[in-house]
Amino acid sequence: MYSKILILYFPPVVAQNAVVCYLTKKFDLIFNILGARVSNKKDGYMVLELRGTKSNYQKGVSFLKDQGVRVSTAEQEIWRDMEKCTHCGACTAVCPTGALSIKRPEMEVIFDQEKCSVCELCIFTCPTRAMGLYSKNTDEMMV
Ligand code: SF4
Ligand code: SF4
């Protein structure tokens, strides 16, 4: 069984169609939605774990791309610059997987990289630019 976490970005016109359901119907794939924000008026995203045979997985991903969905995989890693982090908690409100959470009563923001799906939402939410995207291959900061 092949399994991968994917981040799907839907432009508004695609968000009106239930394209993800076809992954099961057409390609016998099992999906587990880890987080989502989809609206038929705005663009949206979905973080999901996709499981099935490798061949069906590849066909399913091609199908999504053909439908206009931008598909990205977790080939990069998210890192937090602790010197920049003020523990404001803003990133915990957008993190769909619970990788960022608030430890109470200390009110300290914890980052569990094992849970991170690399959806990048925290990068654009963080007011101090403490969250960054790095290439696993080169260790270069990308965003
Ligand atoms: S949003 Fe940025 S500064 Fe605030 S807790 Fe998250 S990483 Fe730290
Ligand atoms: S990229 Fe940021 S918001 Fe997305 S899962 Fe990882 S820690 Fe959470």
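All of these numbers come straight from a predicted model, not from anything done at the bench. Ligands are counted one by one from 1 in listed order, and the atoms in each one are counted from 1 as well. Basis for what follows: all heavy atoms, side chains included, without hydrogens, waters or symmetry-related copies.
- A distance-only check finds no donor-acceptor pair linking the side chain of Thr24 to the backbone of Ile30 [under 3.5 Å].
- The protein non-hydrogen atom at the shortest distance from atom 8 (Fe) of ligand 1 is Cys85 SG, 2.4 Å.
- More than 12 heavy atoms of other residues, nucleotides or ligands sit less than 6.0 Å from atom CD of Glu106.
- Residue-level proximity to ligand 2 for Ile123 is absent, since no heavy atom of it falls below 4.0 angstrom.
- Using a distance-only test at 3.5 Å, with no hydrogens or angles considered, a donor-acceptor pair links the side chain of His87 to the main chain of Val109.
- For the pair Arg70 and Tyr9, the cation-pi test (distance below 6.0 Å, angle within 45°) is passed.
- Listed by chain and residue number, the protein N/O/S atoms under 2.8 Å of atom 8 (Fe) of ligand 2 are Cys95 SG, with waters left out.
- Heavy atoms of other residues, nucleotides or ligands lying less than 6.0 angstrom from CG of Asn32 number more than 12.
- Annotation for ligand 2: atoms under 4.0 Å from non-hydrogen atoms of Phe111 are 7 (S).
- Two rings, from Tyr45 and Phe10, have their centers 6.0 Å or more apart.
- Heavy-atom contacts of Gly89 reach the following atoms of ligand 1: 4 (Fe), 5 (S) (cutoff under 4.0 Å).
- Taking only non-hydrogen atoms, the option from Cys126, Gly132, Ala130, Cys88 nearest to atom 2 (Fe) of ligand 1 is Cys126.
- Under a 4.0 Å criterion applied to the non-hydrogen atoms of Pro127, ligand 1 contributes the atoms 1 (S).
- Closest non-hydrogen pair, Tyr2 versus Thr53, comes out as CB-C, 4.2 Å.
- Enclosure of atom OH in Tyr22 is not indicated, since only 12 or fewer non-hydrogen atoms of other residues, nucleotides or ligands lie within 6.0 angstrom.
- Side chain of Thr92 to main chain of Ile102: no donor-acceptor pair is present (N/O by atom type, distance under 3.5 Å, no hydrogens or angles).
- The distance from ligand 1 to the heavy atoms of Thr86 drops below 4.0 Å at these ligand atoms: 3 (S), 8 (Fe).
- In this structure, the side chain of Gln113 does not engage the main chain of Trp79 through any donor-acceptor pair within 3.5 Å.
- No option in Val69, Leu29, Val71 other than Val71 meets the side-chain contact (heavy atoms from CB on, under 4.5 Å) test with Val61.
- Regarding atom 1 (S) of ligand 2, its nearest protein heavy-atom neighbour is Glu120 N, 3.3 Å.
- In the vicinity of Thr128, heavy-atom distances shorter than 4.0 Å reach the ligand 1 atoms 3 (S).
- In the vicinity of Met131, heavy-atom distances shorter than 4.0 Å reach the ligand 1 atoms 7 (S).
- The atoms of ligand 1 that sit less than 4.0 Å from any heavy atom of His87 are 5 (S), 8 (Fe).
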